[in-house]
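Positions are given from 1 along the sequence. Computed from a predicted structure; not experimentally measured.
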Amino acid sequence: MNIEFNTLGALFSQLGLPSDDDFINRFVDEHKLDKSIRIDQASFWSPNKARFLRDAIEEDAEWAGIVDQLDGRLRG
């Protein structure tokens, strides 16, 4: 199975969230991060979702680039 790691939709699917553009845009509009909070420490993630995001970043996994993209959008 070939998984595409480079889209926000794929990341949202991996996190168990709806992956359509409307949901993603609404999510980003409704959830903002202060510059002092790491993405995996945001209060809106469940423990499992936070762990996935933390592991992706710390292990520089295939998901790391798109997690960074989401991080940037949540701060924008």
Side-chain angles (χ1 to χ4, degrees):
M1 180 164 95
N2 186 12
I3 298 175
E4 199 171 322
F5 295 103
N6 60 354
T7 68
L8 281 174
L11 176 62
F12 273 65
S13 287
Q14 184 68 23
L15 291 169
L17 298 169
S19 59
D20 60 278
D21 288 341
D22 288 338
F23 179 85
I24 293 169
N25 290 331
R26 219 173 28 256
F27 184 92
V28 168
D29 288 343
E30 294 172 4
H31 299 88
K32 295 298 179 189
L33 285 177
D34 183 83
K35 62 183 172 184
S36 65
I37 304 291
R38 291 187 347 210
I39 189 170
D40 62 296
Q41 295 175 330
S43 62
F44 47 82
W45 300 121
S46 70
N48 287 337
K49 289 175 176 57
R51 186 174 19 262
F52 174 83
L53 294 168
R54 182 179 55 253
D55 290 349
I57 294 166
E58 288 177 357
E59 297 171 9
D60 198 24
E62 290 93 349
W63 293 105
I66 200 66
V67 170
D68 286 342
Q69 183 182 345
L70 176 59
D71 184 271
R73 288 194 56 190
L74 292 170
R75 295 176 196 285

K.L.:
Got a salt bridge between Asp71 and Arg75, using NZ or NE/NH1/NH2 to carboxylate O under 4.0 Å?
P.N.:
yes
K.L.:
Side-chain contact test, heavy atoms from C-beta onward, threshold under 4.5 Å: evaluate it for Ile39 versus Asp68 and give yes or no.
P.N.:
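Of all side-chain heavy-atom pairs linking Asp68 with Ile39, none is under 4.5 Å.
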K.L.:
I need the minimum non-hydrogen distance between Leu74 and Val28, along with the two atoms involved.
P.N.:
CD2-CA, 4.1 Å
K.L.:
First locate atom CD of Glu62, then atom CG of Leu11, and finally report the distance between them rounded to the nearest 0.5 Å.
P.N.:
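Answer rounded to 0.5 Å: 13.0 Å.
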K.L.:
Over all heavy atoms of both residues, which pair between Lys32 and Arg73 is shortest? Give the atoms and the distance, please.
P.N.:
NZ-O, 3.8 Å
K.L.:
Please find the pair of heavy atoms, one from Asp40 and one from Ala50, that lie closest to each other, and give the distance.
P.N.:
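Scanning both residues completely, I find the closest heavy atoms to be O-CB, 3.2 Å.
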K.L.:
How about Ile24 and Leu8: do any of their side-chain heavy atoms sit closer than 4.5 Å?
P.N.:
yes
K.L.:
Would you mind reporting whether Gln41 and Arg54 have side-chain heavy atoms less than 4.5 Å apart?
P.N.:
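Side chain of Arg54 against side chain of Gln41, heavy atoms only: no contact under 4.5 Å found.
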K.L.:
For a quick test of reading the model, state the closest non-hydrogen atom pair linking Ala56 to Trp63 and the distance between them.
P.N.:
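Answer, listing the atom of Ala56 first, then Trp63: CB-CB, 3.9 Å.
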K.L.:
State, with a plain yes or no, whether a side-chain heavy atom of Phe44 is found less than 4.5 Å away from one of Leu33.
P.N.:
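Side-chain contact under 4.5 Å: yes.
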K.L.:
Is it the case that the ring center of Phe27 lies less than 6.0 angstrom away from the ring center of Trp45?
P.N.:
yes
K.L.:
Within this structure, what is the CG-CD distance for the pair Leu53 and Glu58, rounded to the nearest 0.5 Å?
P.N.:
11.0 Å
K.L.:
Ignoring hydrogens and geometry beyond distance, is a side-chain donor-acceptor pair present between Ser46 and Asn48 at under 3.5 Å?
P.N.:
no
K.L.:
What's the shortest heavy-atom distance between Lys49 and Leu15, and which atoms?
P.N.:
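Nearest pair, atom of Lys49 first, then Leu15: CE-O, 2.8 Å.
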